[in-house]
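Reading through the structure tokens given below for one structure.
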Amino acid sequence: MDPVEPVETDEALWRRAAAGDAAGMGALFRRHANAVYNHCFRRTGNWSTAEDLTSVVFLEAWRQRGRLRPSATGSVLPWLLGIATNVVRNHVRALRRYERALTRLPPVVDEADPAEVAALRVDAEVEMASILPAYHRLRREEQDVLALCAWSGLSYEDASIALAVPVGTVRSRLNRARRHLRALLDRPATLERELR
């Protein structure tokens with residue numbers, strides 16, 4: 001029968017880990033990982049997050065290995081759970097900051113369906129094809145003011161700057177252009193004969 005090797009205490013394993021022995025830390029991990037993991041799960045409610053946080057706890061324990069003073073019972077579990085508590089708090093705080101940052105971002109704009117965009121473009125081309133023959137029958141000044149004010153949305157003042165004419169001229173040209181275009185569009189048969 002094989003002799004049973006004595007089980008090292010947490011304190012002995014921790015002394016080894018504090019001296020830089022990774023095997024000592026590995027033994028402590030195997031001994032206490034489930035307790036730390038369950039503690040993290042109970043604080044977060046998410047197994048995957050608990051797994052990540054458990055890794056952080058033992059990484060932090062390794063980083064702080066020179067500061068540990070085992071409990072009166074010689075166990076390092078209270079110390080590991082204390083680290084876990086801080087790690088979970090930091091995680092929750094970071095998650096809250098992230099969620100607050102997301103609320104400050106502009107809302108996501110849904111992109112239009114390419115099929116709808118294509119259909120709108122085709123409709124616009126058909127509409128412009130029906131208007132342009134009449135539009136080209138207008139005087140050049142009427143075409144310019146109609147394109148700037150009615151189609152591009154410029155104000156009378158901005159159109160007057162673009163055309164280098166007084167605001168009153170823009171108003172009268174636009175009024176005249178709309179009347180002429182309406183008249184030309186109301187008599188398409190006449191327009192069609194004139195265009196041949």
Side-chain angles (χ1 to χ4, degrees), residues 1-128 147-148 150-155 157-158 161-162:
M1 188 162 154
D2 291 332
V4 177
E5 288 190 32
V7 175
E8 283 187 88
T9 64
D10 278 9
E11 199 168 353
L13 290 172
W14 194 257
R15 273 195 302 275
R16 285 177 45 199
D21 179 13
M25 186 60 151
L28 286 170
F29 178 83
R30 286 187 296 280
R31 186 174 291 174
H32 297 296
N34 281 339
V36 171
Y37 179 60
N38 287 328
H39 178 75
C40 291
F41 171 73
R42 288 184 191 104
R43 298 291 303 270
T44 64
N46 183 299
W47 289 114
S48 179
T49 300
E51 188 174 333
D52 292 342
L53 295 179
T54 299
S55 298
V56 172
V57 167
F58 279 92
L59 183 65
E60 190 63 21
W62 177 256
R63 197 177 67 72
Q64 295 182 27
R65 66 189 182 276
R67 293 191 223 155
L68 170 67
R69 300 294 172 257
S71 70
T73 64
S75 174
V76 297
L77 183 60
W79 188 68
L80 290 171
L81 293 180
I83 293 174
T85 298
N86 289 331
V87 165
V88 169
R89 278 188 195 137
N90 290 340
H91 169 74
V92 170
R93 201 172 16 252
L95 197 56
R96 269 194 240 122
R97 276 194 305 269
Y98 175 72
E99 289 169 352
R100 280 194 303 268
L102 285 180
T103 62
R104 290 190 300 268
L105 292 175
V108 176
V109 178
D110 290 334
E111 291 190 24
D113 178 10
E116 288 179 29
V117 171
L120 290 172
R121 290 176 65 107
V122 168
D123 291 346
E125 285 182 9
V126 168
E127 184 180 358
M128 288 309 295
L148 290 172
W151 294 345
S152 294
L154 287 186
S155 67
E157 292 78 14
D158 290 341
I161 293 169

- Message: Could you measure the distance from the OG atom of Ser75 to the CH2 atom of Trp14? Nearest 0.5 Å is fine.
- Response: 11.5 Å

- Would you please classify the geometry between the Phe41 ring and the Trp47 ring as parallel, tilted or perpendicular, with 30° and 60° separating the classes? parallel

- Message: Out of the candidates Arg65, Arg15, Arg16, only one should pair with Asp21 under the side chain to side chain donor-acceptor pair (under 3.5 Å) rule; please name it.
- Response: Arg16

- Value rounded to 0.5 Å, distance of CD1 in Ile161 from CG in Leu148: 11.5 Å

- Answer yes or no: is there a side-chain heavy-atom contact under 4.5 Å between His32 and Asp10? yes

- Item | Euclidean distance, Asn86 CG relative to Leu81 CG, rounded to 0.5 Å | 11.5 Å

- Message: To check you understand the geometry: which heavy-atom pair defines the closest contact between Leu154 and Ala162, and what is its length?
- Response: CD1-CB, 4.5 Å

- Can Thr54 and His39 be counted as having a side-chain donor-acceptor contact under 3.5 angstrom? no

- Item | Asp52 and His91: side chain donor to acceptor below 3.5 Å | no

- Message: Could you measure the distance from the OG1 atom of Thr9 to the CZ atom of Arg31? Nearest 0.5 Å is fine.
- Response: 7.5 Å

- Item | Shortest non-hydrogen separation from Ala84 to Val36 and the atoms involved | CB-CG1, 4.2 Å

- Item | Heavy-atom closest contact (Leu77 atom, Ala35 atom, distance) | CD1-CB, 3.9 Å

- Message: With a 6.0 Å cut-off (strictly less than), is the heavy-atom count around CD of Glu157, excluding the residue itself, greater than 12?
- Response: yes

- Indicate the atoms forming the closest heavy-atom contact of Phe58 with Met25, along with that distance. O-CE, 3.5 Å

- Query: Taking only residues two or more places apart in sequence, or in another chain, which ones meet Arg96 in a side-chain contact (heavy atoms from CB on, under 4.5 Å)?
  - Reply: Val92, Arg100

- Message: If I take atom CG from residue Leu59 and atom CG from residue Leu53, how far apart are they, to the nearest 0.5 angstrom?
- Response: 12.0 Å

- Shortest non-hydrogen contact from Met128 to Trp151? CE-CH2, 3.8 Å

- If you measure from CD on Glu11 to CG on Leu28, what distance do you get to the nearest 0.5 Å? 11.5 Å

- Quick one: closest heavy-atom pair of Gly24 and Ala17, and the distance? C-CB, 4.4 Å

